[in-house]
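Everything below concerns the one structure shown next.
Values below: all heavy atoms of this structure, side chains included; hydrogens, waters and symmetry mates excluded.
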Amino acid sequence: MHILVTGGAGYIGSHTVQELLRAGYRVTVLDNLSRGHMAVAQVLDGAEFVWGDIADRELVVGLVRSRGIQAVLHFAALSLVGESMAEPSLYYHNNVVKGLSLLEAVREAEVPYFIFSSTAAVYGEPVQVPIEEDHPLAPTNPYGATKLAFEEALRWYGAAYGIKYVSLRYFNASGADPEGGLGEDHQPETHLIPLVLQAALGLRPEVTVFGTDYPTPDGTCIRDYIHVTDLAEAHVLALRALEGGLVSGAYNLGNERGYSVREVVEVARRVTGRDFPVVEGARRPGDPAVLVASSRRIREELGWRPRYGDLETIVRTAWEWHRRHPEGYEGGT
Ligand SMILES: NC(=O)c1ccc[n+]([C@@H]2O[C@H](COP(=O)([O-])OP(=O)(O)OC[C@H]3O[C@@H](n4cnc5c(N)ncnc54)[C@H](O)[C@@H]3O)[C@@H](O)[C@H]2O)c1
Ligand SMILES: O=c1ccn([C@@H]2O[C@H](COP(=O)(O)OP(=O)(O)O[C@H]3O[C@H](CO)[C@@H](O)[C@H](O)[C@H]3O)[C@@H](O)[C@H]2O)c(=O)[nH]1
């Protein structure tokens, strides 16, 4: 089966392309490189890379028809909570307007299967933890709102046009390919674990804790960190399940265990054996206090089992990559 992966030059998309290739799928990546890395193509040399935009409907329809594509895995998006609060227009345009254009191309070319990268941010501030899939959907930031808008469009397109889909609601993706070829490299970096590791490498003077007055045991935000390879494997499972007749729907993906910002810093100090300055700062607008998943549904229905579930392992795999690629992909693969 031939798969189109949008955003496959980015962090989670590239790790998923690797798992798809290992599982024997043929893969074409579509990425406009607005946030991704051409160097990923050297690591994933079994995949075809096409430089283009998801909103280029003619290009997408042409790729689907010429390659006989049967499934689209849609990672391409802007995905930073803070940036979305400052620039909602960017987020509505890229994630919703361009996303809908992609969906139109998928409908026109009659692609049967679709997997969407959704997010814990669709839930907003949890009314109960761990969060199950039927938790109210009330995003607290434009990023989550745009992801929810696309999820809903997909649901209605699925019902009306017969597209079989899965929306995977990831919690905090982290870690790096344990075999060392792929890692996390965002420019600028805003994610906690790579920032902490860059501080441990001496590439940043300090780490700032965003908010110490949250209603949590140590006052800092709690998140559920999930290894990127475990996420990637969930896509392969979801794809196989769709091929086997799975009913469309949404699944959470997290480790069902929350860590505070301070706990992440402590784990990073232990794993790296290095100390670095940590300063306390203001809250970052749009951040919910606690996000912890229940992944019961995907475990029970698709048999998903995380292989790299504990935070030390997650941070260790990320550390291995950052140590070898202090300047990210631009420093060479
Ligand atoms: N990183 C996380 O913790 C996390 C958590 C939940 C959900 N997600 C979702 O997972 C997906 C991937 O996240 P990531 O961290 O790998 O992000 P990323 O920025 O590393 O990758 C996104 C890729 O999409 C590409 N892209 C963006 N807009 C495009 C467009 N219009 N046309 C073509 N390509 C385009 C970028 O160039 C980039 O390579 C996103 O949809 C994100 O919302 C991420
Ligand atoms: O310098 C920093 C960076 C982050 N944080 C905190 O660390 C936590 C994690 O932040 P970050 O790594 O930026 O991830 P999130 O903002 O939680 O968002 C990620 O996880 C979401 C799902 O939970 C996804 O939807 C998003 O795409 C993805 O970026 C948050 O509480 C931040 O406030 C800090 O305290 N200091």
Checklist entry - Stepwise, does the salt bridge (charged side-chain N to carboxylate O under 4.0 Å, His left out) test hold for R169 with E133? => result CA-CA 9 Å; R169 295 176 181 157; E133 288 81 355; over 6 Å; no
Checklist entry - Would L73 end up clustered with V111 when hydrophobic side chains under 4.5 Å apart are linked, directly or stepwise? => result no
Item to check | Stepwise salt bridge (charged side-chain N to carboxylate O under 4.0 Å, His left out) check, R270 with E266 | outcome: CA-CA 6 Å; R270 222 167 33 239; E266 280 322 306; 6.0 Å; no
Checklist entry - Does atom CD of E58 have more than 12 heavy-atom neighbours, drawn from other residues, nucleotides or ligands, at distances under 6.0 Å? => result no
Checklist entry - What's the shortest heavy-atom distance between L197 and A318, and which atoms? => result CD1-CB, 3.5 Å
Next on the checklist: The test is side chain to side chain contact (heavy atoms under 4.5 Å, CB included); show your working for L103 and L154 and say whether it passes.
Outcome noted: CA-CA 8 Å; L103 209 45; L154 184 56; 3.8 Å; yes
Next on the checklist: Is there a path of hydrophobic side-chain contacts, each under 4.5 Å between heavy atoms of I/L/V/M/F/W/Y residues, joining F114 to Y157?
Outcome noted: yes
Checklist entry - Are F75 and H235 an aromatic pair by the rule of ring centers under 6.0 Å? => result yes
Checklist outcome for this item: On a heavy-atom basis, the closest approach of M85 and N141 is SD-CB, 3.6 Å
Item to check | NZ or CZ of R297 within 45° of Y251 ring axis and under 6.0 Å | outcome: yes
Checklist entry - Under a 4.0 Å N-O cut-off, is there an ion pair linking R257 with D224? => result no
Checklist entry - Under a single-linkage definition using a 4.5 Å side-chain heavy-atom cutoff for Ile, Leu, Val, Met, Phe, Trp and Tyr, are L231 and I314 assigned to the same hydrophobic cluster? => result no
Item to check | Test salt bridge (charged side-chain N to carboxylate O under 4.0 Å, His left out) applied to E110 and R65, step by step | outcome: CA-CA 9 Å; E110 299 178 338; R65 294 211 169 120; over 6 Å; no
Checklist entry - Are Y143 and S79 close enough that some pair of their side-chain heavy atoms sits under 4.5 Å apart? => result yes
Checklist entry - Among pairs that include at least one residue of residues 305-324, which meet ring-ring contact (aromatic ring centres under 6.0 Å, His included), considering only residues two or more places apart or in two chains? => result H227-Y308, W321-H325, W321-Y329
Item to check | Flag, side chain of D31 to backbone of W51, donor-acceptor distance under 3.5 Å | outcome: no
Checklist entry - For L148, which fellow cluster members are found when Ile, Leu, Val, Met, Phe, Trp and Tyr are connected by side-chain heavy-atom distances below 4.5 angstrom, either directly or through intermediates? => result V122, Y123, I131, L137, F171, L291
Checklist entry - Which of these, T229, D230, V40, sits in a side-chain contact (heavy atoms from CB on, under 4.5 Å) with H15? => result T229
Item to check | E83 vs R35, salt bridge (charged side-chain N to carboxylate O under 4.0 Å, His left out): CA-CA, chis, key distance, verdict | outcome: CA-CA 13 Å; E83 183 183 59; R35 305 269 158 123; 3.0 Å; yes
Item to check | R240 CZ to L246 CG distance, which is reported to the nearest 0.5 Å | outcome: 14.0 Å
Item to check | D53 (side chain) donor-acceptor with D56 (main chain) under 3.5 angstrom | outcome: no
Item to check | Name of the residue among V29, L182, V5 meeting side-chain contact (heavy atoms from CB on, under 4.5 Å) with L44 | outcome: L182
Next on the checklist: Measuring only between side-chain heavy atoms, which start at C-beta, is T216 closer than 4.5 Å to S260?
Outcome noted: no
Checklist entry - In Å, rounded to the nearest 0.5 Å, how long is the span from CH2 of W304 to CG of L237? => result 9.5 Å
Checklist entry - Does a side-chain N-to-carboxylate-O contact under 4.0 Å join E48 and R67? => result yes
Item to check | Contact summary for H2 and V27, nearest pair of heavy atoms | outcome: NE2-C, 3.8 Å
Checklist entry - Is the Lys NZ or Arg CZ of R223 less than 6.0 Å from the centre of Y259's six-membered ring, within 45° of the axis? => result no
Item to check | Backbone N/O of A250 and side chain of S167: donor-acceptor pair under 3.5 Å | outcome: no
Checklist outcome for this item: Closest non-hydrogen atoms of N94 and I54, given as atom of the first, atom of the second and distance, are O-CD1, 4.2 Å
Item to check | Donor-acceptor side-chain pairing of E184 and H191 below 3.5 angstrom | outcome: yes
Checklist entry - Would you find more than 12 non-hydrogen atoms of other residues, nucleotides or ligands less than 6.0 Å from E206 atom CD? => result yes
Next on the checklist: In this structure, would Y214 and L192 fall into the same cluster of hydrophobic residues linked by side-chain contacts under 4.5 Å?
Outcome noted: no
Checklist entry - Are any side-chain N or O atoms of N252 and backbone N or O atoms of S295, one a donor and one an acceptor, separated by less than 3.5 Å? => result no
Checklist entry - Can you list the steps and then say if S117 with Y170 is a side chain to side chain contact (heavy atoms under 4.5 Å, CB included)? => result CA-CA 7 Å; S117 299; Y170 320 152; 2.7 Å; yes
Next on the checklist: Using a strict threshold of under 4.0 Å (side-chain N to carboxylate O), is an ion pair present between R305 and E233?
Outcome noted: no
Item to check | Geometric class of the F150/F116 ring pair [parallel <30°, tilted 30-60°, perpendicular >60°] | outcome: tilted
Checklist entry - How many angstroms lie between OG1 in T6 and NZ in K98, if you round to the nearest 0.5 Å? => result 12.0 Å
Item to check | Separation between CG of L80 and CZ of R284, rounded to the nearest 0.5 Å | outcome: 8.0 Å
Next on the checklist: Donor-acceptor check, side chain of R269 to backbone of F276, threshold 3.5 angstrom: yes or no?
Outcome noted: yes
Next on the checklist: Would the distance check show the side chain of S294 and the main-chain N or O of E132 forming a donor-acceptor pair, the cut-off being under 3.5 Å?
Outcome noted: no
Checklist entry - How are the rings of H186 and Y11 set relative to one another: parallel (under 30°), tilted (30 to 60°) or perpendicular (over 60°)? => result perpendicular
Checklist entry - Short question: side chain of S174, backbone of N172 - any donor-acceptor pair under 3.5 Å? => result yes
Checklist entry - Is R22 salt-bridged to E179, going by a charged N under 4.0 Å from an acidic O? => result yes
Next on the checklist: Would you say L100 ends up clustered with L4 if hydrophobic residues are merged whenever their side chains have heavy atoms under 4.5 Å apart, either directly or through other cluster members?
Outcome noted: yes
Item to check | Nearest heavy atoms of E256 and R296, plus distance in Å | outcome: OE2-N, 3.5 Å
Item to check | Lys NZ or Arg CZ of R107 over Y161 ring: under 6.0 Å, within 45° | outcome: yes
Checklist entry - Just how far is it from atom CE of M38 to atom CG of L33, taken to the nearest 0.5 Å? => result 6.0 Å
Item to check | Nearest atoms (heavy-atom pairs only) where V50 meets T28 | outcome: CG2-CG2, 3.9 Å
Item to check | E243 CD to Q70 CD distance, which is reported to the nearest 0.5 Å | outcome: 8.5 Å
Next on the checklist: Between the side chains of E312 and R316, is the shortest nitrogen-to-carboxylate-oxygen separation below 4.0 Å, so that they form an ion pair?
Outcome noted: yes
